[in-house]
Number of protein chains: 2
Amino acid sequence: MLFIELDLQSETPIYTQLVDQIVEGIASGVLQPGDPLPSIRSLAEDLGINLHTVNKAYNLLKQEGLLQVHRKKGVIVQPDGMPGVTEAFEEKLRRQLRSLAAAAAVRGMAEEVFAQESRAVYRAMITNRGGE
Amino acid sequence: MLFIELDLQSETPIYTQLVDQIVEGIASGVLQPGDPLPSIRSLAEDLGINLHTVNKAYNLLKQEGLLQVHRKKGVIVQPDGMPGVTEAFEEKLRRQLRSLAAAAAVRGMAEEVFAQESRAVYRAMITNRGGE
DNA sequence: TTGTTTGTTATATTACATGTATAACACAAA
DNA sequence: TTTGTGTTATACATGTAATATAACAAACAA
């Protein structure tokens, strides 16, 4: 570690930034199933933030099934298969996409451009997978 | 009015729900440029919420250039041309798309499905435009 | 054993966001 | 004048975000 960069001036909470960047790390392949993550305390110290802020982020990811917490191995990326696309996730995804699509449409961004933008962002995220 | 439906149990703030639904109203064509919106007080009363909560939503939309506030006409949908796709908006859009794309990719949603989902949400939003 | 590190839990505090409750102001319209 | 508009100010209650300590049991290393 650490590919994590925090913006303490940002309006998005620190624990949310942590969650996002870890998820992106898994999606991009930088973090592979079974890979260890820093301990709560060491990550908090490295980032200069509080223990509980890291703990909150880890717990959210654990509840989503993206992380496992072993008493032995510490915190690792889910090795037993990632959660699938549940109906609840689909709903949440669509609700957030609707908000973005509306903002884009109002500003005159065409359907093709919006769809292409989505595709490009996805592609840029998972390119160079396996590159560790 | 009113196509606005609030979920007071939701974790998303009331003023954010207001902003989203008004933007979606403009994007879908239900709200046309120049159309009047309810006064702050009347909308607050209709929705059973406080005056300042509506005011906050209206002000955010005013700052984004989606609403105008006339001392005479009251609050109306921007009649002098909507704001375009600025660089700042592009950045914000991409940042939020990245978060969604990562969550989708981690759960095994393929690039094509994600892009198609984005397109479908956009299309469903602006269909039956002009239908008032 | 002892010491250390792990995740976990509890408590307390500060700061900020959210939402409400009143009140008052200046401006425009009936 | 009376009413309704957006605007502004103040105050309050509640919840979230983040920090600061502290303690605990489980696992590991010396």
Side-chain angles (χ1 to χ4, degrees), chain A residues 1-2 4-22 31 34-80 99, chain B residues 1-2 4-22 31 34-80 99:
Chain A
M1 280 282 197
L2 269 273
I4 291 186
E5 291 183 6
L6 296 181
D7 177 8
L8 300 183
Q9 315 300 322
S10 170
E11 63 188 21
T12 66
I14 297 178
Y15 77 90
T16 301
Q17 296 182 43
L18 280 176
V19 167
D20 282 347
Q21 295 192 33
I22 292 173
L31 289 174
D35 279 358
L37 273 84
S39 77
I40 293 177
R41 286 177 177 81
S42 67
L43 181 54
E45 189 172 14
D46 283 2
L47 297 176
I49 61 179
N50 191 271
L51 172 160
H52 294 95
T53 306
V54 177
N55 190 42
K56 184 169 184 176
Y58 277 7
N59 263 320
L60 286 173
L61 291 167
K62 185 174 73 174
Q63 288 184 326
E64 288 185 9
L66 299 185
L67 295 186
Q68 268 192 10
V69 179
H70 273 73
R71 186 58 87 168
K72 299 187 59 173
K73 305 179 187 174
V75 181
I76 61 175
V77 178
Q78 179 63 259
D80 303 332
S99 175
Chain B
M1 280 283 198
L2 268 273
I4 292 186
E5 290 183 7
L6 296 181
D7 177 7
L8 300 183
Q9 316 300 322
S10 170
E11 62 187 20
T12 64
I14 298 177
Y15 75 90
T16 301
Q17 297 182 42
L18 281 175
V19 167
D20 282 346
Q21 294 191 33
I22 291 174
L31 289 174
D35 278 358
L37 274 83
S39 77
I40 292 177
R41 286 178 178 82
S42 67
L43 181 54
E45 189 172 15
D46 284 2
L47 297 176
I49 61 178
N50 191 271
L51 172 162
H52 293 94
T53 306
V54 177
N55 190 44
K56 184 168 184 176
Y58 277 7
N59 262 320
L60 286 174
L61 290 168
K62 185 174 74 173
Q63 288 184 325
E64 287 185 10
L66 299 184
L67 295 186
Q68 267 192 9
V69 179
H70 274 74
R71 185 60 86 167
K72 299 188 58 174
K73 305 179 185 175
V75 181
I76 61 175
V77 178
Q78 179 63 259
D80 302 334
S99 175

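Letters go in sequence order (proteins before strands), and every chain restarts at 1.
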Are any of the side-chain heavy atoms of B:Val69 and B:Tyr58 separated by less than 4.5 Å?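 When only atoms from C-beta onward are counted, B:Tyr58 and B:Val69 do not touch, as no gap falls below 4.5 Å.
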Could you tell me if the side chain of B:Leu18 sits less than 4.5 Å from the side chain of B:Ile49, heavy atoms only?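 In short, these two side chains touch, coming nearer than 4.5 Å.
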Contact under 4.0 Å: B:Ser39 side-chain N or O vs D:dT5 OP1/OP2: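 So the side-chain polar atoms of B:Ser39 do come within 4.0 Å of the phosphate oxygens OP1 or OP2 of D:dT5, strictly under.
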Would you kindly give the [atom1]-to-[atom2] distance between [X] and [N], to the nearest whole Å?
| X | N | atom1 | atom2 | result |
| --- | --- | --- | --- | --- |
| A:His70 | D:dA27 | NE2 | C1' | 13 Å |
| B:Glu45 | D:dT5 | CD | C1' | 15 Å |
| A:Lys62 | C:dG7 | NZ | C1' | 8 Å |
| A:Asn59 | C:dT6 | CG | P | 16 Å |
| A:Glu11 | C:dT18 | CD | C1' | 15 Å |
| B:Leu43 | D:dG6 | CG | P | 10 Å |
| B:Gln63 | D:dT7 | CD | P | 11 Å |
| B:Ile76 | D:dG6 | CD1 | P | 12 Å |

Output the distance between atom NE2 (A:His52) and atom CG (A:Asn59), rounded to the nearest 0.5 Å.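 Reported to 0.5 Å precision, the distance equals 11.0 Å.
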Could you grab the distance from atom CG of B:Leu67 to atom NZ of B:Lys62, nearest 0.5 Å is fine?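 The CG atom of B:Leu67 sits 9.5 Å away from the NZ atom of B:Lys62.
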For nucleotides 25-27 of chain C, print each protein N/O atom paired with a nucleotide N/O atom at under 3.5 Å, atom names and distance only.
none

Please identify each residue that fulfils side chain to side chain donor-acceptor pair (under 3.5 Å) with [X], with sequence neighbours left out.
| X | result |
| --- | --- |
| B:Ser39 | B:Ser42 |
| A:Asp7 | none |
| A:Thr16 | none |
| B:Asp20 | A:Ser99 |

Tell me what B:Lys73 touches on the nucleic acid: a base, only sugar-phosphate, or nothing, going by heavy atoms under 4.0 Å.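 Touches nothing.
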Check the interface with nucleotides 18-20 of chain D: list each N/O to N/O pair with the protein under 3.5 Å, or write none.
{"from": "D:dA18", "atom 1": "OP1", "to": "A:Ile14", "atom 2": "N", "distance (Å)": "2.6"}
{"from": "D:dA18", "atom 1": "OP2", "to": "A:Ile14", "atom 2": "N", "distance (Å)": "3.4"}
{"from": "D:dT19", "atom 1": "OP2", "to": "A:Asn50", "atom 2": "N", "distance (Å)": "3.0"}
{"from": "D:dT19", "atom 1": "OP2", "to": "A:Thr53", "atom 2": "OG1", "distance (Å)": "2.7"}

Is the backbone of A:Leu6 close enough, under 3.5 Å, to the side chain of A:Gln17 for a donor and an acceptor to pair up by distance?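 Between the backbone of A:Leu6 and the side chain of A:Gln17 there is no qualifying donor-acceptor contact (under 3.5 Å).
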